[in-house]
Structure formats: structure tokens, C-alpha cells
Chemist: 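The following block contains the structure, expressed as C-alpha cells.
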Amino acid sequence: MKVKLPGWGFGLQLLLFYRFLSTLGLSMNDSSPEFMKAYEPQGVEDAIYQKWLDSGYFTPENLPDFAERKEVFSIAMPPPNVTGVLHLGHSLENSLMDAMARYQRLLGKKVLLVPGTDHAALPTQARVEKMLMKDGLKNPRQELGREGLVAKIREYAEQSRSTILSQIKKMGTSCDWSRLAYTFDEPRNVAVNELFKRMYNDGLIYRGYRVVNWSVKGQSTFSDDEIMHVERAAKLYTFKYGKDFPIAIATTRPETKLGDTAVAVHPDDERYQKFIGQTFTVDVGAAEPLKIKIIADQNVDPKFGTGALGVTPAHSAIDFAMYELQKMQGNPIEIIPVIGKDGKMTAAAGQEYVGLNVEEAREKFVAWLRAQDLLISEEDITQNVATNDRYGDVIEAIPMEQWWLDVNKTIPQMGKSLRDLLREAVTSGLNGEAAQKVDISPERSIKIYLDRVESLRDWCISRQIWWGHRIPVWYKDGEMVVSEVPMGEGWVQDEDTLDTWFSSATWTFSTLGWPKQTADLATYHPTSWMQMGSDNIYLWMMRMILMSAYALQQIPFKEVYFHGILRDDQGRKFSKSLGNSVDPLEVIAQYGCDALRVSLLVGNTPGNDSRFSEERVGSARNLVNKIWNISRYISMNVGELRHVELVFPKTLTDKWILGCLAQTVEKVSKLFDQSDFSLATEILREFTWTDFADWYLEIAKVEKGKDDILNYILERLLILWHPFMPFVTEEIYARFNNGMLLVAKWPDIEDLKEVTSSVDHLTFTNLQATISAIRNIRAEYQVTPKQLVDVVLSDKEILAYSDIIIALAKVRYLTVGVKPEQAASAVVGFAEVHVSLEGLVDTEKERTKIEAELVSTKKYIEVQTMKLDNADFVSRAPEKVILGEKAKLAEAIDKVTKLEQQLSSMK
RNA sequence: GGACGCAUAGCUCAGUUGGUUAGAGCGUUACAUUGACAUUGUAAAGGUCGGAGGUCCGAAUCCUCCUGCGUCCACCA
């Protein structure tokens with residue numbers, strides 16, 4: 001199956017351009033294109049992505065040997081909001097997901113990465129309304145009407161959506177475009193309606209009158225998770241309702257006191273105990289005189305303020321809870337809403353106040369208190385107020401009828417509540433099944449999650465905005481039908497829409513066909529892995545677990561990896577207001593996608609923030625280019641790159657490098673399994689640059705006959721790097737004429753282990769140290785690299801590798817013997833290296849150097865001796881440690897002897 | 001108020017269950033570069049692992065307290 005998407009003509013054009021070049025002889029045939037001096041990502045990335053699309057391999061069913069791929073690996077891509085364009089955070093997420101997906105594909109699994117976008121109900125509507133208002137509309141909802149405004153939003157969303165999808169491709173993400181989903185398309189709407197119906201029938205979804213978080217500007221409710229608190233200066237007023245009222249109370253919201261119906265005190269508070277149960281009638285200027293009942297409540301802090309709390313059930317969630325408690329206890333108090341949905345005082349607030357906004361009402365009420373001599377004190381304080389970042393206004397607590405999801409009610413068929421399910425999913429596993437347990441990384445996030453589970457309140461799921469899944473409920477003459485459009489005339493659908501998280505919470509299974517029992521659902525759910533920002537623990541992860549556990553009795557994903565947020569080079573968050581935003585597409589244009597991906601993954605550990613800077617991208621680009629040039633060099637030397645199935649190491653160095661490769665494969669595999677992308681990158685970099693390029697390739701210039709091994713290692717190196725830098729590795733791999741790297745096989749550790757079972761690491765380490773010692777002396781005496789030096793070794797074992805030493809350390813004659821007169825020396829393990837420096841040796845300098853080394857070595861011997869003489873150490877430390885310490889001591893003692901000899905020979 | 005995290009080289013960070021004379025990248029310095037790679041090479045300098053106690057034969061690593069920074073939650077009416 002071939003997947004082609006509209007708007008992807010650019011890659012094709014590039015391909016044609018390259019064909020055109022090749023006819024001019026500027027580039028070679030497709031089978032083995034020549035290596036340019038430096039890798040230029042701009043010319044090849046789009047064509048490679050198109051090649052992958054054409055192969056169809058992003059769709060797991062099209063993978064080679066599909067039937068033999070036993071294991072399944074699936075990821076549901078967190079759908080980006082259609083509110084704009086992708087930013088660096090998305091690039092990070094794509095890099096994480098795609099690295100994981102590609103690794104698993106190379107391992108030979110059926111890999112599915114489902115792409116999609118989120119209609120992001122409230123943020124999208126808020127953004128479009130803002131834009132329309134900028135264009136001159138005063139009240140878009142009024143002026144355009146429901147259909148008109150939704151059409152405008154849809155238009156914007158579609159455009160934004162296609163931009164985002166093309167950006168995901170630019171990141172190289174290997175997702176299955178044939179399964180592309182959208183939280184607001186028809187299949188997802190079916191899932192949402194079905195879920196609503198089931199939850200309603202189970203009594204979990206209900207309609208209820210209570211205090212909600214209300215945005216006056218947005219004219220909609222918000223859930224507890226969508227509001228944030230900001231600090232602001234406020235005044236704390238202490239006052240009495242009337243001259244004869246026995247208790248003073250404090251407030252920062254005097255205007256709401258027009259709706260007070262009780263005063264709460266601590267039940268044990270001796271000052272107020274005698275008033276508990278009494279009702280006082282006071283006239284503060286509201287429509288009706290207030291009947292204030294004195295009630296007892298455990299939660300009142302007797303030490304704070306006056307120790308008494310004015311209760312406003314209509315405009316405070318806490319006070320509303322007291323109101324409900326009183327009602328339950330058969331001791332009800334009244335509820336009087338004095339602020340309306342428009343943010344203005346209601347008629348209940350009284351003639352004087354109706355129509356005023358809260359600030360005006362506050363001023364007026366305070367003035368009245370002052371005039372009546374009821375105001376006892378006012379104090380400047382800082383206060384946290386609830387706001388929302390979408391409309392930017394203060395959230396008012398207002399009571400109204402809304403749809404709620406009950407987290408405490410026992411679900412009929414399950415015998416437990418949604419809260420229970422949320423808890424089980426990360427502890428025992430659903431129903432105690434270990435296979436239905438979500439593993440969370442970093443571990444500490446589990447605790448944060450569980451804390452929240454315990455304090456979870458019912459979730460307000462209805463919104464008054466228009467962009468979103470409409471509540472699937474119809475009314476007619478007091479009748480109500482849920483989920484299906486009823487037959488007959490005159491039915492009116494509920495005006496409200498669902499909280500956007502209601503639909504995105506179904507993402508892992510609605511994208512696989514639920515509520516139909518599809519093969520996809522059976523094969524790919526629960527999904528294997530999920531990554532998200534740690535700010536999404538409550539907002540999204542919790543809701544996904546909730547919905548999946550309820551609808552399927554399955555967890556949505558087996559593992560979840562929380563990444564931190566990206567900060568700039570100064571540690572600041574990226575934001576529009578700071579002007580430090582970075583456009584990933586510009587970075588890609590300049591440095592290439594591979595460099596961007598690597599720079600985002602290096603230093604990114606679970607739960608921790610990481611920094612992004614152009615410098616980092618630069619150094620990642622250098623790494624990409626290094627791999628390019630390693631390949632270029634090998635290809636120039638071995639003639640043609642080709643696949644080599646097995647190798648037979650001939651020399652020490654062959655065994656050593658294959659041993660390094662084996663270790664690297666083992667470590668990187670393990671790190672992938674632990675989602676430790678950062679360390680995996682570092683391990684690979686070390687192997688690539690230091691072991692392979694700086695040592696082995698340099699040695700290969702001297703020791704010939706390594707063509708097979710070079711091919712063997714390079715091919716595996718490309719496979720290992722592919723998850724991190726898919727483009728450049730695929731581009732180089734084309735020269736192997738061995739199919740597509742995308743579906744290559746991850747190196748087999750067992751094969752490698754067999755080949756390298758007899759590696760003599762010690763000898764190679766000595767060889768390296770010998771060469772480094774000579775280079776060190778050369779640098780110290782500023783011998784130019786061109787100039788050859790004569791070297792005398794004390795140990796003849798290493799002489800077997802004289803060719804390598806001569807080449808890598810720029811040596812003229814290499815012999816075994818005693819120290820020449822004019823020479824600088826170094827101790828390497830149990831051997832000595834002397835570099836003849838006719839007329840160059842600075843005896844004083846040498847002496848000082850040796851003496852300094854003697855001092856430190858002797859000190860070390862002292863410490864080691866003490867350690868080994870310590871009976872406790874010898875008796876309690878493991879044998880392995882003791883042997884190690886003894887060996888180190890022996891080496892140090894030998895070193896002292898040699899240094900002393902060198903010193904005495906200098907006289 | 002509650003919870004959590006971080007503190008290691010000039011900068012950004014590794015350091016896996018306690019056993020190194022504590023590492024990397026970038027930056028710095030010196031020398032070099034017709035050579036696969038100036039997107040390079042070789043080498044060097046640079047740290048009493050935030051502070052104080054404790055456990056242990058042994059602590060960057062475990063425990064307690066303190067200091068500084070950060071994050072989340074709750075919200076004081």
C-alpha cells in the first residue's frame with residue numbers, strides 16, 4: 001500500500017531536480033551516489049521522506065516479513081492542537097516518539113505510530129475569537145451566530161491542521177498516515193457519543209447545580225485543571241454585618257457578602273460556641289435582608305483572622321461544600337447568587353448594586369460599611385486569584401446547572417469507582433492484573449499522580465463554547481434522549497459542548513476504531529509507550545487512564561515517559577512574550593533535521609527540563625557530518641560499500657573494535673528499553689568518534705585488509721544511529737544497495753559476542769596509552785606533528801604493534817632498550833616510554849615533572865597501603881575489590897621504582 | 001500550608017544497586033592541518049562533588065539537619 005498525501009509535492013520536485021543534476025553528471029546514479037565533502041541535509045531530506053512514504057513501511061501491515069514479526073509496538077501520537085504551528089516542544093516529542101518507533105521497527109516488531117491532531121475546543125475558539133475581534137468584530141458570537149462562528153473556526157483549524165501535518169513530516173516522523181486521525185472527525189465523534197451514553201447509563205454522568213469556574217470573557221465553564229492561580233495585590237477587609245451582629249468576619253471580596261447566608265466557626269471555639277445554631281437577620285442593602293446562620297465547621301481555622309468565616313455558598317467552592325454539608329445534615333442554609341454570568345451584580349444584590357461590575361460593587365459596599373461604622377480594619381495583602389490563560393480574565397465562582405462526571409460512584413458492572421480505577425492503573429494494575437499496569441518514568445511522578453487521584457473532585461464536562469463535540473442529549477417537552485438523534489419533530493439538542501479533554505482522553509482507543517471491536521484494537525491496544533510533558537499528568541494522562549479503564553478495562557499505554565520542558569540557553573521558558581521562540585523549520589533549514597533531533601535528545605532525561613541552544617544544534621550537526629565523513633572515507637577506501645554478514649577479526653585491533661561494538665550495541669539496546677535517549681546518544685557518540693574514527697580508522701590506515709570489517713561496522717553503526725538521525729543514515733545506507741535502512745535489522749549481540757569472545761583489552765589499552773604518552777611528550781616539547789621522533793620502549797610486548805605506534809605517534813625509529821641520554825620519559829602501566837629529544841630536553845623541567853609525579857604516586861601508595869592494612873577492609877570488602885586495589889598498589893609501587901630510576905639517571 | 005525535585009570543571013550535564021587517583025560535550029590554552037572531515041586532529045589546564053553532622057572497612061552515591069534555586073498542588077476566608 002502506498003501512501004501519498006496532498007501537499008507533498010516538494011519532495012517529488014527535489015527528486016526531479018536531482019535526476020536533472022545526474023543527467024549533467026553532477027550527481028551519480030541512484031545505486032551509489034558519490035559522497036560530497038560535507039553532508040548537505042537540505043538537498044536530501046524531503047526526497048528520503050518521500051521514499052519512506054512510497055515504501056509504505058510506516059503502515060505496519062506493509063512491513064517486510066509481516067507475519068514473522070511477532071511482537072507489537074504501538075504509540076498513539078499526542079495530537080498537537082490545531083491552534084497554530086509546531087514549536088520546539090513538538091519537535092522534541094516527535095524526536096522521542098520517532099526514535100523509539102524506529103528502534104522497535106529495527107528490532108523486528110510490528111510498529112504502529114498513529115498520527116493525529118486535536119481540535120482543542122476552547123483554545124482554538126478563544127484564538128479565533130481573538131483574531132476576529134482584532135479584525136473589528138465586537139462580539140463574534142453575537143455577530144456571526146453559532147453556525148457562522150463555527151465555520152470560521154473550522155476554516156482556521158483546517159489550515160492550521162495541514163500546516164502541522166506537514167511539519168510532522170519535516171521532523172521525519174515515521175507515522176502511519178493511512179490511520180491519520182483527528183479528535184473532531186466523525187469516527188471520534190461516534191466514540192465520544194458512545195462513551196457519553198455508557199457513562200450516562202451507568203449513572204456516572206449527571207446534571208447538577210453547583211458552583212463552577214466561570215470565565216466572564218469566555219462565557220464558559222472551565223475545569224479545575226484548566227485554571228491557574230496568579231498573585232495579585234488585594235485588600236483584606238474585616239467588618240461586621242451589623243451593629244448588633246456578634247461576630248466580625250474578614251474578606252477580600254466584600255461584594256460577595258451581599259449573598260452571605262451563614263457564618264462558620266470552629267465547633268470548639270469558645271468565643272463563638274454559644275451562637276452556633278442561631279440565625280441573625282441583617283440588612284446590608286441587598287434585595288432582601290440577609291438571614292445569617294451561625295454554623296460549625298471543622299475546617300475553619302480559629303487562629304486565622306477573627307476565627308469566623310462569612311459563608312457565601314453561591315460564590316465560593318468551599319462555601320458551597322459547606323452549604324451541601326448543611327443540607328445533608330438536615331440543617332440547610334440558603335444560597336443567594338449575587339453575581340451573574342455577565343460578571344455583573346444580580347437583582348438579588350439589591351437596587352443599589354444591580355448591574356454594577358464586581359469592582360464597582362466592592363467599592364460601594366466598602367463605602368457603605370465605612371459609613372455605617374461597621375468596617376473594623378483593612379489590610380494590604382497579596383492574594384492568589386484564579387485565572388485562565390485562554391481568555392485571560394479572572395475566574396468567578398458561580399452556581400449553575402452543568403454536566404458532571406462522578407468519580408466516586410460505584411460503576412455497576414465493576415463494583416468500583418472511576419477513582420478506584422485511576423488508582424489501580426498505576427499500583428496493582430487494573431483488577432490486580434500486572435499486565436494492566438502503567439509504568440511511569442520518572443518514578444516520582446507516580447506519587448504526584450496518586451496524590452491527585454485522592455483529592456479528585458467530580459469533573460465538569462460541559463462547556464458553553466461552540467467549537468467541540470456537542471453534548472449528545474436532546475430535549476422535548478420535558479423529555480430527554482441521550483446519544484441518538486431521536487425520531488420525530490421538535491427535539492432540541494443541548495446547547496453545550498464537551499470539554500475538549502473528554503474526546504482527547506479516548507485517543508488511544510478511538511484512533512483504533514472503538515467502539516467497534518476492530519482488529520486494530522485487539523492488536524495495538526493497550527499501546528506500548530507514551531511520552532508527554534509532565535504538565536500533562538492531570539490534564540491528559542489521568543483522563544486517558546480513566547476513559548480507557550472504563551471503556552475497555554484496559555490501560556491506555558504500558559509505559560509513559562514524562563519529559564521536562566525545553567528552556568533557552570539562559571534557562572528561560574520559550575515564550576512569545578519573551579521573544580525567544582525558535583521555529584523548528586528554520587533550524588531544520590539551516591542545520592538539518594537530524595542535527596535538530598540529536599540536539600533535542602542529548603541531555604533530555606525523564607522529568608527534567610533541558611536546554612536548547614543553537615550551539616547545541618551546531619555540535620549535533622558536526623556529529624552528523626562526522627558520520628558522513630567516516631562513511632565517505634570508508635567508501636573511498638573499500639571501493640564500494642556492501643553488506644557483510646559475518647566477519648573474522650585477524651588482529652588485536654580488530655578484536656578490540658568489534659568488542660567495543662558489541663558493548664555499544666548491548667548498552668544502547670538496554671538504554672532504549674529504559675527510554676534513556678540521552679545516555680544512548682552519548683554512548684554511541686563515544687564509540688563513533690573516539691573508538692571508531694579516532695583510533696580504529698587511523699589504525700586501518702596502517703594495518704590493511706580491513707575492508708570487510710569496515711563495511712561490517714559501518715553498516716551496523718548506521719543502524720544504531722538511525723533512530724536518532726534517520727535521514728543521513730538512510731542517505732548513506734543507500735550506498736550499501738541492501739534495501740532500506742528503515743527496515744534493516746538491529747545488530748545481533750550474540751553474533752558479536754561470539755566474534756569477540758577472546759578480546760585482549762589490556763594489551764590494546766597499553767598500546768593506546770603508549771601512543772598517548774608519546775603524543776603527550778611531543779606536545780609538551782612542542783615537537784611539530786611533521787617532525788618524527790625516536791622512541792625507546794622498555795617492554796617488547798608492545799613492539800608487535802610498532803607499525804601502529806610509528807604511524808599514530810609519528811615515530812622514526814622504535815626500539816626496545818634503556819633510556820637514552822637526551823630523552824623525556826613516561827611510565828605506562830608496568831612499562832616505560834622514552835622519547836629521544838636531542839638537544840630539546842629541559843632537564844630541570846623533566847626533573848620537576850618526575851618529582852611531582854613521585855609525590856602524588858607515593859601519596860597514593862600510602863593511602864592504598866593503609867586501606868589494605870585495614871583488617872576491617874580486608875575482612876569485609878568483596879574479594880574482587882581487594883584484588884583490584886592490590887593490583888593498583890602494585891602498579892603504583894612499580895611506577896615509583898621506575899620514576900626514581902629515571903631521576904637518578906638524570907644526574 | 002502540603003508535596004516533589006535540583007545543587008558535581010567557566011557553561012550544560014553524566015555518574016545505574018555505596019568499592020575510580022570523579023567523567024563527557026561546549027568553552028579556554030598550546031601546537032598543527034595539500035591527507036575522509038577547518039563541521040578537523042593531538043595534547044593540556046580546570047573540581048576539597050552546596051554546607052554541617054551521621055551510618056559504614058569504604059560516601060558524589062545512603063540517613064538527618066541547614067542553605068540556595070526551581071516545580072506542582074491547596075488556598076487563609
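These numbers come from the heavy atoms of this one structure, side chains and all, not from hydrogens, waters or symmetry mates. Order of the sequence lines sets the chain letters (A, B, ...), proteins ahead of strands, with each chain counted from 1.
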Chemist: Quick one: is A43(B) close enough that its OP1 or OP2 comes under 4.0 Å of any side-chain N or O from Arg775(A)?
Modeler: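 Yes, because at least one side-chain N or O of Arg775(A) sits under 4.0 Å from OP1 or OP2 of A43(B).
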Chemist: Which whole number of Å gives the distance between the P atom of G47(B) and that of G5(B)?
Modeler: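 Each nucleotide's P atom is 31 Å from the other's.
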Chemist: Once you apply the 3.5 Å cut-off to both distances, tell me the Watson-Crick or G-U wobble partner of U42(B), or none.
Modeler: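 A30(B) is the nucleotide pairing with U42(B).
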Chemist: Is any side-chain nitrogen or oxygen of Asn776(A) closer than 4.0 Å to OP1 or OP2 of U42(B)?
Modeler: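 Negative; the distance criterion is not met.
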Chemist: Quick one: the side chain of Lys626(A) and the base of C37(B), do they pair up donor-acceptor inside 3.5 Å?
Modeler: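 Indeed there is one.
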Chemist: When the P atoms of U21(B) and C26(B) are considered, how many whole Å apart are they?
Modeler: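 Result for the P pair: 27 Å, nearest Å.
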Chemist: If you measure from the P atom in U16(B) to the same atom in G50(B), how many Å do you get, rounded?
Modeler: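 Those two atoms are separated by 14 Å.
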Chemist: Spell out yes or no: do the side chain of Glu698(A) and the base of A36(B) have one donor N/O and one acceptor N/O closer than 3.5 Å?
Modeler: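 In this structure, the two groups form a donor-acceptor pair.
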Chemist: Rounded to whole angstrom units, what separation is found between the CG atom of Leu623(A) and the P atom of U40(B)?
Modeler: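 One finds 10 Å between P of U40(B) and CG of Leu623(A), rounded.
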Chemist: Taking CZ from Arg452(A) and P from C72(B), how many angstroms apart are they, rounded to a whole number?
Modeler: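 Result: 12 Å.
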Chemist: Using atom P in both nucleotides, what's the gap between G23(B) and U48(B) to the nearest angstrom?
Modeler: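 Result for the P pair: 15 Å, nearest Å.
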Chemist: Please report the interatomic distance CG(Leu596(A)) to CZ(Phe612(A)), rounded to the nearest 0.5 Å.
Modeler: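 Spacing of CG (Leu596(A)) from CZ (Phe612(A)) equals 5.5 Å.
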Chemist: In whole angstrom, give the distance that lies between atom CZ of Phe612(A) and atom P of C11(B).
Modeler: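 Rounded to the whole Å, the gap is 22 Å.
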Chemist: Let me confirm one number: the CD1-CD1 distance from Ile806(A) to Ile774(A), rounded to the nearest 0.5 Å.
Modeler: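 Ile806(A) CD1 to Ile774(A) CD1: 9.5 Å, rounded to 0.5 Å.
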Chemist: Once hydrogens and angles are ignored, does a donor-acceptor distance under 3.5 Å link the base of C75(B) to the side chain of Asn384(A)?
Modeler: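 When only heavy-atom distances are counted, Asn384(A) does reach the base of C75(B) through a donor-acceptor pair under 3.5 Å.
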Chemist: Sub-3.5 Å donor-acceptor pair from the side chain of Arg543(A) to the main-chain atoms of Leu539(A), do we have one?
Modeler: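 Here the side-chain-to-backbone pair exists.
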Chemist: OP1 or OP2 of U40(B) versus the side-chain N and O atoms of Asn629(A): is any pair under 4.0 Å?
Modeler: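 Indeed not, no polar side-chain atom of Asn629(A) lies that close.
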Chemist: In whole Å, I'd like the distance from the CG atom of Asn870(A) to the P atom of G19(B).
Modeler: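 Whole-Å distance recorded here is 18 Å.
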Chemist: Donor-acceptor pair, distance only, cut-off 3.5 Å: does the side chain of Arg597(A) make one with the backbone of Leu92(A)?
Modeler: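 No.
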Chemist: Roughly how many Å apart are A74(B) and C69(B), using the P atom of each and rounding to a whole number?
Modeler: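 Comparing P positions in C69(B) and A74(B) gives a spacing of 24 Å.
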Chemist: Give me the ring orientation class for Trp628(A) and Phe35(A): parallel if the planes are under 30° apart, tilted from 30 to 60°, perpendicular past 60°.
Modeler: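 Rings of Trp628(A) and Phe35(A): perpendicular, over 60°.
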Chemist: Under the salt bridge (Lys or Arg N to Asp or Glu O under 4.0 Å) rule, what pairs show up with a residue in residues 672-682 of chain A, not counting sequence neighbours?
Modeler: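 Of all non-adjacent pairs touching residues 672-682 of chain A, none passes salt bridge (Lys or Arg N to Asp or Glu O under 4.0 Å).
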Chemist: Rounded to the nearest Å, what distance is computed from the CG atom of residue Asp609(A) to the P atom of nucleotide C13(B)?
Modeler: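 Atom-to-atom, Asp609(A) to C13(B), this comes out as 9 Å.
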Chemist: With P as the reference atom in both, quote the distance from U61(B) to G51(B) in angstrom, rounded to an integer.
Modeler: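 About 10 Å, rounded to a whole number of Å.
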Chemist: Rounded to the nearest Å, what distance is computed from the CD atom of residue Gln782(A) to the P atom of nucleotide G41(B)?
Modeler: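 My rounded result for the distance is 21 Å.
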Chemist: Taking atom P in both U28(B) and C11(B), compute the distance separating them and give it to the nearest angstrom.
Modeler: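 So the two P atoms sit 15 Å from each other.
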Chemist: Verify the contact: side-chain N or O of Lys888(A) to OP1 or OP2 of U20(B), cut-off strictly under 4.0 Å; return yes or no.
Modeler: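 For U20(B), neither OP1 nor OP2 has a side-chain N or O of Lys888(A) closer than 4.0 Å.
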